[in-house]
Amino acid sequence: MHKPGCKIFFCLFVASSSFFSHTEADPSAADTSPQTFPSASSATQSNGSITLAPIVVSATAPTLVDQSRQQTDLSLGSSTYTLNQNQINTISQGENTSFNQVLTHAPGISGNSYGAVHFRQEDPYYRYYINGTLLPAGINGFGQDIDTRFIDSITLKIGALPALYPEGNYGIVDIQTKSGDALKGGSASFYGGSYDTLHPAFSYGGSSGGTDFFFTGSYLHNNLGLENPTSSTSAIHDETNQYKGFAYLAHPFPDAGRLSFIFSGSDADFKIPNTPGQTPGLDASGADVPPTPVDSTSLNERQNEQTYYGIAAYQQTVDDISFQVSQVNRFSSILFNPDINGDLYFNGIAARVHQDILTNGVQGDFTYRVNDAHTIRGGVLMETHGARASNTSEVYTTDAGGNVIGGPETIEDDHFKRAYDYALYLQDEWKVCDKLTINYGVRFEQVKAYTQESQVSPRINAVYQVTKNTAIHAGYARYFNPPPLQSVSPTSVSAFDGTTNAADQDTDDPVKSERSDYFDLGVTHHFLPELEVGVDGYYKIATNQIDDGQFGAANIGSPYNYASASMYGVELSVDYTHDGFSAYGNFAAANSWAKNIVSSQFEFDSDELASIANRNVNFDQQQFYTVSAGTSYTWMDTTIHADAIYADGIRAGFVNMDKLSAYYPVNLGIEHKFKQMGGAGDLTVRFDVLNVFDQVYVLNDGTGIGEGAVRYGNRRGFYGGISLDF
């Protein structure tokens with residue numbers, strides 16, 4: 001039986017870990033970023049920098065963006081896209097929706113099965129900042145460890161970003177959390193509906209003795225935790241139970257300093273859905289102990305995912321210099337438990353997979369305002385990761401022809417790797433004149449893991465403010481993207497030779513860091529005070545392009561490299577707001593191609609490798625066109641909203657030569673707020689209908705490169721909720 005309260009409090013222990021510590025609980029990746037920090041007495045956000053949530057005990061913290069979603073950041077030299085709390089609330093299910101669904105309502109961002117989100121067709125290696133601190137990367141699984149409920153606003157950044165950002169071509173998600181002083185109270189809610197959905201939650205925030213505090217917790221249960229492998233309205237064996245908790249504390253000091261803490265924990269259990277009518281993939285009659293025949297609807301595969309992180313940050317402003325020092329820790333784990341007899345019967349392997357990773361990181365950043373024309377930013381990042389894999393597999397022995405001749409036997413495949421990352425950056429924001437701002441700088445990064453690599457990466461961006469309503473931006477960035485540490489150990493492949501889990505061939509070159517040149521050009525224009533339009537184009541050239549796929553039983557992405565890759569695209573964003581009416585629309589067109597897999601080759605069949613070595617292929621997640629749109633209207637205390645996503649369909653078939661059909665589910669909702677009920681706070685009720693027209697569509701048919709399972713989109717669902725402020 002899980003004890004979620006104990007697990008959430010475990011993040012307090014994680015936060016106290018020293019920089020080079022490692023325990024039986026393992027590493028993840030921690031990071032950091034540069035910023036300009038507001039003083040404790042006048043918290044204002046400076047252009048283009050990441051700021052911690054303002055802690056102004058005597059006043060409400062300012063929102064990041066009031067209306068407009070599309071922004072041009074003079075410091076970044078790129079377009080950014082922001083959703084504040086009110087805008088998130090007009091997406092179907094509001095703060096009850098999963099965070100990945102929120103992200104897909106931004107231009108150039110597309111969703112996929114198992115909660116994956118792709119920024120400009122890249123695999124989901126985007127990075128989070130929370131109140132200005134870069135969060136370490138964890139293990140990608142089914143769950144969403146970011147809870148939409150604690151978000152005040154999110155700003156999405158992608159493209160040719162300045163030197164303060166790592167891996168900007170994968171995407172930056174800058175989260176500002178709710179503050180206790182802005183809330184001055186709490187909220188209790190219950191949301192539920194189709195598929196036995198139960199979603200109670202609570203939050204509370206305030207200030208005491210100058211200390212700002214906010215915490216929230218939630219529980220989610222439903223019978224559609226993962227996408228259905230069939231087109232039916234309900235899935236078989238698809239229950240999920242998820243617990244999440246988040247806490248934020250900050251205290252300002254009279255000398256314009258501030259100390260803040262963030263703690264978060266999530267614990268999620270998933271039953272892996274079953275597909276009726278499956279047939280055995282091999283003849284195990286030659287085994288010493290052949291598996292007992294089973295019905296595929298009775299399989300009992302399960303997966304548990306846990307993530308905990310803690311952040312301690314101190315910020316100080318002295319005259320024209322601001323700095324921050326942060327200590328960040330994150331632990332995440334995935335445990336896949338097979339149905340031993342059933343998996344042996346259908347697949348010839350039953351693998352218990354347990355992976356975890358612990359990251360301890362230190363980051364320091366400073367900003368020096370030299371004069372009105374120059375602002376210097378710099379920083380350092382040091383982090384250590386420890387990744388552990390403990391896999392126990394039941395397999396059958398085979399002869400040279402692949403025929404089962406014995407077993408089952410147990411193979412232990414355990415390994416641990418310590419890795420280190422270092423980064424330095426320095427940049428100058430040069431305001432050449434009132435209309436022109438240039439940001440130039442350089443970033444140095446080094447990684448020591450399965451390979452030892454480093455790179456010096458120049459960056460330059462420019463913004464020209466043509467008129468007060470029009471801004472043009474352009475930029476170039478050299479990127480260095482290390483692979484996730486939880487890549488396959490080079491020693492694990494040959495252990496399965498002569499078994500039912502043998503690879504087609506044993507070549508296993510190590511996964512290398514991706515290196516790329518990224519170009520970005522765009523314009524943002526206000527046609528009216530209420531109407532804003534943004535257009536952005538990009539082009540990327542990469543060597544050792546990182547992609548990943550699901551090759552084993554557990555849903556854990558395994559990375560590999562293409563020798564070379566290119567991608568280009570254009571995005572259009574339109575945002576209109578007038579009185580109580582608002583509408584937005586985002587369109588993206590993109591293409592990509594890659595050639596020759598040069599690492600982790602054992603994951604692929606020989607015919608796939610040979611074909612990809614001699615031709616350009618699209619990424620498996622490639623969609624040529626994606627659209628997101630929504631509208632809402634508020635009259636008195638009632639808001640009606642609608643949103644839709646159009647997806648062109650990902651690649652499928654042998655070496656991604658085919659394409660799945662497009663899909664376009666439509667969602668509707670209504671919310672009403674009853675003011676000051678019975679002398680207490682506001683009472684809010686809402687009702688949502690997802691996939692109104694009950695469209696049946698395939699997210700993934702399991703045939704593309706690195707794709708291993710069929711997943712359908714969710715059918716129509718009805719949901720309702722009630723929340724009370726106090």
Side-chain angles (χ1 to χ4, degrees), residues 7 10-32 125 127-128 133-141 143 145 166-167 262-267 303-312 326-336 352-363 380-392 412-423 445-454 481-492 508 510-513 546 548 552 554 556-559 600:
K7 292 180 178 178
F10 175 70
C11 63
L12 297 172
F13 165 75
V14 175
S16 66
S17 302
S18 64
F19 173 56
F20 289 104
S21 70
H22 180 77
T23 67
E24 282 301 308
D26 279 323
S28 136
D31 294 7
T32 94
Y125 298 134
R127 306 300 300 274
Y128 292 113
T133 297
L134 185 59
L135 185 65
I139 303 175
N140 293 330
D145 55 298
E167 302 136 17
I262 289 175
F263 306 107
S264 179
S266 67
D267 182 358
Q303 186 157 305
N304 174 260
E305 301 176 8
Q306 298 181 38
T307 294
Y308 307 96
Y309 58 85
I311 301 171
S326 301
Q327 206 271 330
V328 189
N329 308 100
R330 177 170 176 168
F331 169 80
S332 63
S333 71
I334 286 182
L335 172 60
F336 174 80
R352 181 186 184 275
V353 180
H354 188 194
Q355 292 189 8
D356 53 57
I357 182 167
L358 172 67
T359 294
N360 304 310
V362 174
Q363 66 185 66
V380 59
L381 163 68
M382 298 179 294
E383 56 190 19
T384 178
H385 321 270
R388 190 187 313 276
S390 178
N391 305 327
T392 302
E412 298 287 345
D413 180 24
D414 302 337
H415 46 85
F416 171 81
K417 183 65 178 179
R418 168 73 62 189
Y420 302 91
D421 290 344
Y422 308 97
E445 293 169 283
Q446 183 179 52
V447 59
K448 296 181 179 180
Y450 289 114
T451 62
Q452 296 192 26
E453 302 174 272
S454 63
N481 299 329
L485 181 59
Q486 55 273 20
S487 54
V488 178
S489 169
T491 62
S492 63
D508 185 23
V511 183
K512 299 181 177 64
S513 297
I546 294 178
D548 73 6
I556 302 172
S558 298
S600 298

Handout entry: Y128: side chain to side chain donor-acceptor pair (under 3.5 Å) partners, not counting sequence neighbours
Key = none
Exercise for the section: Carefully, step by step, assess L335 and R352 under the rule side-chain contact (heavy atoms from CB on, under 4.5 Å). Expected result: CA-CA 7 Å; L335 172 60; R352 181 186 184 275; 3.5 Å; yes
Nearest 0.5 Å, please: how far is [atom2] in [Y] from [atom1] in [X]?
X: Y309; Y: I262; atom1: OH; atom2: CD1; answer: 7.0 Å
X: K448; Y: Y420; atom1: NZ; atom2: OH; answer: 9.0 Å
X: T392; Y: H354; atom1: OG1; atom2: NE2; answer: 11.0 Å
X: N360; Y: M382; atom1: CG; atom2: CE; answer: 12.0 Å
X: Q355; Y: F336; atom1: CD; atom2: CZ; answer: 12.5 Å

Heavy-atom pair of closest approach, residues [X] and [Y]:
X: A449; Y: K417; value: O-CE, 3.3 Å
X: L485; Y: A387; value: CD2-CB, 3.5 Å
X: S513; Y: V447; value: OG-CG1, 3.8 Å
X: N391; Y: D414; value: N-OD1, 3.1 Å
X: Y125; Y: P484; value: CE2-CG, 3.6 Å
X: S333; Y: D356; value: CB-CB, 3.5 Å

Exercise for the section: Output, in order, the C-alpha distance, side-chain angles, deciding distance and verdict of side-chain contact (heavy atoms from CB on, under 4.5 Å) for R330 and T307. Expected result: CA-CA 7 Å; R330 177 170 176 168; T307 294; 3.5 Å; yes
Practice task
Check whether any side-chain heavy atom of V380 sits under 4.5 Å from a side-chain heavy atom of V362, and report yes or no.
Solution key: no
Problem - Check: D413 side chain, S390 main-chain N or O, donor-acceptor pair, under 3.5 Å - result: no
